[in-house]
Amino acid sequence: MNGSNTGDNSQLILALSKGRIFEDTMPLLEAAGIKVLENPETSRKLILATNDPNVRVIIVRASDVPTYVQYGAADFGVAGKDVLLEHGGEGLYQPIDLNIASCRMSVAVQAGFDYEKAVHQGARLRVATKFVHTAREHFAAKGVHVDLIKLYGSMELAPLVGLSDAIVDLVSTGSTLRANNLVEVEHIMEISSRLVVNQAALKLKRERLQPIIEAFERASQA
Ligand SMILES: Nc1ncnc2c1ncn2[C@@H]1O[C@H](COP(=O)(O)OP(=O)(O)OP(=O)(O)O)[C@@H](O)[C@H]1O
Ligand SMILES: O=P(O)(O)OC[C@H]1O[C@H](OP(=O)(O)OP(=O)(O)O)[C@H](O)[C@@H]1O
């Protein structure tokens with residue numbers, strides 16, 4: 001199904017995750033004249049009203065945002081490039097980079113681990129990550145053989161307890177790596193969050209969506 005959530009073309013649903021994406025999206029929504037009336041950090045509600053009776057925000061896991069938008073359960077959403085690369089982007093129109101939740105995706109190892117030697121030796125490198133698709137592509141492009149170990153969080157722990165030789169994870173200040181005696185050995189790509197729009201909704205609800213997309217674009221470039 002690639003339809004939209006309702007037959008009523010005036011109703012819009014925006015999918016956001018709690019935390020940095022919700023917080024960083026609020027000023028963009030306000031630039032479009034939309035104010036969320038509840039705080040997801042204090043409310044247990046998953047559907048939040050806004051000052052516009054035709055716009056509601058749903059709160060989902062960061063990695064689930066593309067799925068809700070792909071199937072039309074949400075008309076649009078905000079998701080990190082990391083999440084979109086893992087999802088594949090099917091059924092999603094990605095009109096703008098919002099320049100929020102910026103960080104980088106990197107390879108890191110325990111301090112003292114000779115990464116260059118390990119990758120040149122040709123032995124299989126054990127890599128723990130949540131981002132298996134991106135990691136597979138990165139190492140394949142370098143011709144490095146890897147055993148990928150899928151994790152859902154706390155990747156930094158994996159090399160410390162011998163689960164992996166390396167991790168592929170997101171880095172911003174570097175303090176999580178430092179706190180766990182890890183060092184960045186390769187920079188894979190810069191990451192930021194994108195606006196994603198359901199392709200069918202873009203056609204059926206263009207009149208409602210277009211001004212919001214334009215306001216987001218102006219505010220994210222300001
Ligand atoms: N330290 C960071 N600094 C800036 N942006 C980050 C950082 N860590 C992650 N991000 C970006 O913010 C997005 C949302 O991260 P968040 O921590 O809210 O979700 P998550 O816990 O990674 O996801 P999930 O709940 O699905 O496991 C990520 O997909 C990424 O694009
Ligand atoms: O370089 P730093 O500034 O330390 O940021 C990097 C950390 O940020 C992210 O975790 P997050 O804070 O989102 O925690 P979570 O994965 O538990 O959600 C990421 O997975 C790293 O662990």
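Whatever order the structure lists them in is the order used to number ligands and atoms, beginning at 1.
Taking the side chain as every heavy atom from C-beta outward, H138 and V107 approach each other to under 4.5 Å. Residues H87 and Q70 are in side-chain contact: their nearest non-hydrogen atoms beyond the backbone lie under 4.5 Å apart. Between I167 and R126 there is no side-chain heavy-atom pair separated by less than 4.5 Å. Side-chain atoms of L209 and L12, non-hydrogen and from C-beta on, do get closer than 4.5 Å to each other. Residues Q94 and L84 are in side-chain contact: their nearest non-hydrogen atoms beyond the backbone lie under 4.5 Å apart.
For atom 15 (P) of ligand 2, no protein non-hydrogen atom is found at a distance below 4.0 Å. Proximity of atom 10 (O) of ligand 2 to the protein is not indicated, since no non-hydrogen protein atom lies closer than 4.0 angstrom. For atom 7 (C) of ligand 2, a protein heavy-atom neighbour is found at a distance under 4.0 Å. Taking a distance limit of 4.0 Å, we find that atom 1 (O) of ligand 2 is approached by some protein heavy atom.
Using a 4.0 Å cut-off between heavy atoms, M155 makes no contact with ligand 2 at all. Residue contacts with ligand 2, taken as heavy atom pairs separated by less than 4.0 Å, involve D169 solely via side-chain atoms from C-beta onward.
Ligand 2 has R20 within reach: a non-hydrogen atom of the residue lies less than 4.0 Å from it. Contact analysis puts S175 in contact with ligand 2, with a non-hydrogen atom separation below 4.0 angstrom.
Because its NZ or CZ atom is not both nearer than 6.0 Å to the ring centre of Y115 and within 45° of the ring axis, K117 does not count as a cation-pi partner of that residue.
Taking every heavy atom of T176 and a limit of under 4.0 angstrom, the matching atoms of ligand 2 come to 2 (P), 4 (O), 5 (O), 6 (C), 7 (C), 22 (O). Each of the following atoms of ligand 2 lies closer than 4.0 Å to a heavy atom of V171: 1 (O). Atoms of ligand 2 lying under 4.0 Å from at least one heavy atom of T173, given by number and element, are 1 (O), 2 (P), 3 (O), 4 (O). Residue contact check: G174 has heavy atoms under 4.0 Å from atoms 1 (O), 2 (P), 3 (O) of ligand 2. Listed by number with element, the atoms of ligand 2 under 4.0 angstrom from any heavy atom of E156 are 21 (C), 22 (O).
We find that R104 and D82 are not joined by a salt bridge, their nearest charged nitrogen and carboxylate oxygen being 4.0 Å or further apart. Using a 4.0 Å cut-off between charged nitrogen and carboxylate oxygen, K18 and E23 do not count as a salt-bridge pair.
Residue, atom and distance of the protein heavy atom nearest to atom 19 (C) of ligand 2 are L170 O, 3.6 Å. Considering only non-hydrogen protein atoms, atom 5 (O) of ligand 2 sits nearest to S172 N, 3.7 Å.
Annotation: ligand 1 has protein neighbours K18, R20, I21, R61, A62, S63, G80, D82, V83, A101, S102, C103, K130, L170, S172, I191, each with a heavy atom less than 4.0 angstrom from the ligand.
Side chains of S106 and E184: a donor on one and an acceptor on the other come within 3.5 Å. Counting only N and O atoms by type, the side chains of N99 and S220 include no donor and acceptor under 3.5 Å apart. A donor-acceptor pair shorter than 3.5 Å can be found between the side chains of T134 and E86.
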What verdict does the side chain to side chain contact (heavy atoms under 4.5 Å, CB included) test give for L48 and R56, after you've listed the backbone C-alpha separation in whole Å, the side-chain angles of each residue and the deciding distance to 0.1 Å?
CA-CA 6 Å; L48 309 180; R56 285 175 299 162; over 6 Å; no
Taking it one step at a time, do K142 and E186 satisfy salt bridge (charged side-chain N to carboxylate O under 4.0 Å, His left out)?
CA-CA 12 Å; K142 285 167 58 83; E186 252 186 291; 3.1 Å; yes
